[in-house]
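Down below is the structure, laid out as structure tokens.
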Protein chains: 4
Amino acid sequence: MKRHDRHEEFLLTALELFAERNFATVTVKDIAQSLGVNPALVYYYFENKTALLRAAIEFIVAKSFENIEALEKENCDPAQMIASWLDNHVKNYSEIHRFVKIALDFKSAHEGDDAIEATIARFYAEERKMLSRIIRRGVEARLFNRIDSDRMAQFISTFLDGCMVRSVILSNFKLSVAVEDLRRTIFEQLGLQVRPKAHNGA
Amino acid sequence: MKRHDRHEEFLLTALELFAERNFATVTVKDIAQSLGVNPALVYYYFENKTALLRAAIEFIVAKSFENIEALEKENCDPAQMIASWLDNHVKNYSEIHRFVKIALDFKSAHEGDDAIEATIARFYAEERKMLSRIIRRGVEARLFNRIDSDRMAQFISTFLDGCMVRSVILSNFKLSVAVEDLRRTIFEQLGLQVRPKAHNGA
Amino acid sequence: MKRHDRHEEFLLTALELFAERNFATVTVKDIAQSLGVNPALVYYYFENKTALLRAAIEFIVAKSFENIEALEKENCDPAQMIASWLDNHVKNYSEIHRFVKIALDFKSAHEGDDAIEATIARFYAEERKMLSRIIRRGVEARLFNRIDSDRMAQFISTFLDGCMVRSVILSNFKLSVAVEDLRRTIFEQLGLQVRPKAHNGA
Amino acid sequence: MKRHDRHEEFLLTALELFAERNFATVTVKDIAQSLGVNPALVYYYFENKTALLRAAIEFIVAKSFENIEALEKENCDPAQMIASWLDNHVKNYSEIHRFVKIALDFKSAHEGDDAIEATIARFYAEERKMLSRIIRRGVEARLFNRIDSDRMAQFISTFLDGCMVRSVILSNFKLSVAVEDLRRTIFEQLGLQVRPKAHNGA
DNA sequence: GATGAATGAGGGTTCATTCAT
DNA sequence: TATGAATGAACCCTCATTCAT
């Protein structure tokens, strides 16, 4: 039994801090202090502060892919899968919002690091492909209306990004309400019975 | 005729750079260099780098309010007004996206500056109030379906924030397409004829 | 009637601020602000911040000489003159202590400005010469014991400098008490009746 | 054997420079250069330039207290102890005069740092208490005239401060002569035989 | 006389990074 | 593995000083 996996500890801590503040604001000392170790130790495990960011992003993207795959394996009803995906965003809020924040921050200050750029792009592409795949399957099975699956996927995921931003900026933003509104909108467009989840009659 | 309004020049430049990169990454020297002046001059016009940020945010928010007011005065058809508001986001993309980025960045690194915090909150509140007002008017005039105007306003503006984020993160994101999708979705929910509006490829 | 003599105003203000803080700490802006004028104006009247210091020191020394001369003209009884000199230090405390402080500060940071150096030296020499002269006169008139007038002068003036320092450093230092103690000591050594001089509590 | 105690090295160097010039004039770079190290290293050992001053003052005051204690332990004859104390000022001139200068400078520019203020006050209080104690003992043992020990202590220490000032300001000031004059004056007032140290006949 | 605007030099401080141990 | 000590580069900011008006 390993006492601790230092490498991963650094990744996790870096992720947390980079998302909470941002790359430029978080110092190597901050990260080390969070773990109760010496700042110089970062350079034993990583080449750079930037390399640490790179590794952290790759780490979180890899984990997200696992999430996506798990989702696709467990469920088979397309409508259910979409609902799960949305729930996932509410439940795993902090993880996802971290990624969005870091991605945004990266674009702001690191134009040039192609590896990171590629990883981020890959994540977004994969997310959209998955959503698109699910929708297409629903359409083909005649469960959904015939709509452009790519655009719908884009729509969903754009809105979710908006949620992530607002939950950072607006202290009174209600993530679950917003996501529920999204679900209703999507389901309506897909031609599904919008299950009357309590509120607003009609 | 003044040759230049230095104060405003600083505001504009700061806005541009802070949005493009972020507060921590942009140096006072960068801002000065952009204007071809000495960095010390910043301190002649502003107390601080932070004070400059504050002034810049106030400046852009004030300008946005003017936009909002103009919009409400020019139009009278609620549906038309909503469409205009969306168009506004496509046309004035850079200004709006700057504000969102700066707001997000601010939240990351400046927890504590109440003045800035308040300005940002005020902007978002005002935006939502205006959208809500327009929708309510449409509902009351029986032009729109009877829906919760506040939630719809929130929905719209959350999606637009999502657009702003993605246009930064994803190089192949098509803002106009996304906004058009939003328009169709909204109009459907409001019970309006979705006119096909031949949109330009962009 | 001149509304104001700017030159002298600068001198006076500089003196006050340089003594209160010190040359390095007081900015040209501080001085200008004290007078409610623009900092650049200093350079109309003086070549330099240092030139202003120089002029200010010369100014205060000249004024001190006037004091000394006046003292010597008014009185003729040596014992009375010494007492007056001491009283003078209690009454004109702020002026004298300013000079000592500035002189000390000057030595700390301006080694090199010979003009200032000379002015300060001249002041101290003059002060000692005057005291010495008075004492010698008292001795020659057989009013005082036969003592070394130069050393006594040095003794008095050293103690007075000590008073100045302590009144700055020690908030509970009682200048008048200390000076009275000095007077008694001197008079004893001179062989004078130490009149009890009911001094006020301060 | 440690090669060097950096912390103490900084303290010593700072003390020397702050006394020679003053807090505002001495740069962190100066201090570092004196030790042949990088200026940033100062911040490894001290929080601040001000914290360095604080530590330096505390250091020198602590050392002075040791001096005082040693003095009181070694001697037992009150008259001898006073003489030793005076000699101490002549011999350890540079250390003491440093403290006075720094204390004076501090008062000029750092109003607000309570810790430093307290340390300085403590030093002066302690010094006076010790002198007072010695004198009282002499009076009680009927070795000295019956005089106010507190005032005599104050008198001595004020004069010594005056010496310190003059030795800075006046290049031709003879510290040992001034201190000897003080000794004679004190001893006379205490009713001691003034050992005829050469000059002034009678 | 007097000012607003502008600058260059430099100071305090932070921070990523290195290196010997 | 891990640390303490050290450094160089860069940043924010201040300030004396200048100059056109």
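The shown structure was predicted, so the numbers you read here are calculated from the model rather than taken from an experiment. Convention: sequence-line order gives letters A, B, ...; per-chain numbering from 1.
Figure legend. F:dT7 is base-paired to E:dA16; pairs are counted as Watson-Crick or G-U wobble with both atom distances under 3.5 Å. Summarising the base pairing, F:dT21 is matched to E:dA2 through a Watson-Crick or G-U wobble pair whose two defining distances lie under 3.5 Å.
Residue A:K49 places its side chain closer to E:dT17 than to any other of E:dA6, E:dA2, E:dT17. Of the candidate nucleotides E:dT3, E:dT7, E:dA2, E:dT7 has the atom nearest to the side chain of B:A40. Among the nucleotides F:dA2, F:dC15, F:dG8, the one closest to the side chain of D:N38 is F:dG8. Nearest nucleotide to the D:T27 side chain, out of E:dG12, E:dT3, F:dA6: E:dG12.
The residue among A:P39 and C:Y43 whose nearest nucleotide of DNA chain F is located toward the 5' end is A:P39. With DNA chain F read from its 5' end, the first of the two nearest nucleotides for B:V26 and C:N48 is the one closest to B:V26. Map C:V37 and B:L41 each onto its nearest nucleotide of DNA chain E; the residue landing nearer the 5' end is C:V37.
B:F10 pairs in a ring pair (Phe, Tyr, Trp, His ring centres under 6.0 Å) with only one of the listed residues (B:F59, B:Y44, B:Y45), which is B:Y45.
What separates NE2 of D:H110 from C1' of E:dG12 is a distance of 13 Å, to the nearest Å. Rounded to an integer number of Å, the gap from D:Q33 CD to F:dG8 C1' is 14 Å. Distance, B:L52 CG to F:dC11 P: 16 Å, rounded to whole Å. Look at CZ on D:F46: it is 12 Å from P on F:dA5, rounded to the nearest Å. Taking atom CG on A:L35 and atom C1' on F:dT1, their separation rounds to 14 Å, with Å as the unit.
Relative to the ring axis of A:F23, A:K49 places its NZ or CZ within 45° and under 6.0 Å from the centre.
Heavy atoms of B:V42 sit nowhere under 4.0 angstrom from any nucleic acid atom. The residue B:Y45 sits close only to the backbone: its heavy atoms come under 4.0 Å of sugar-phosphate atoms, none of a base.
Here B:R6 does not reach the OP1 or OP2 of E:dG4: none of its side-chain N or O atoms lies under 4.0 Å away.
In this structure, the side chain of D:D105 does not engage the main chain of D:N22 through any donor-acceptor pair within 3.5 Å.
Atoms OG and CD, on C:S108 and D:E20 in that order, are 9.5 Å from each other to the nearest 0.5 Å.
By the 4.0 Å N-to-carboxylate-O rule, B:R6 lies close enough to B:E9 to be salt-bridged with it.
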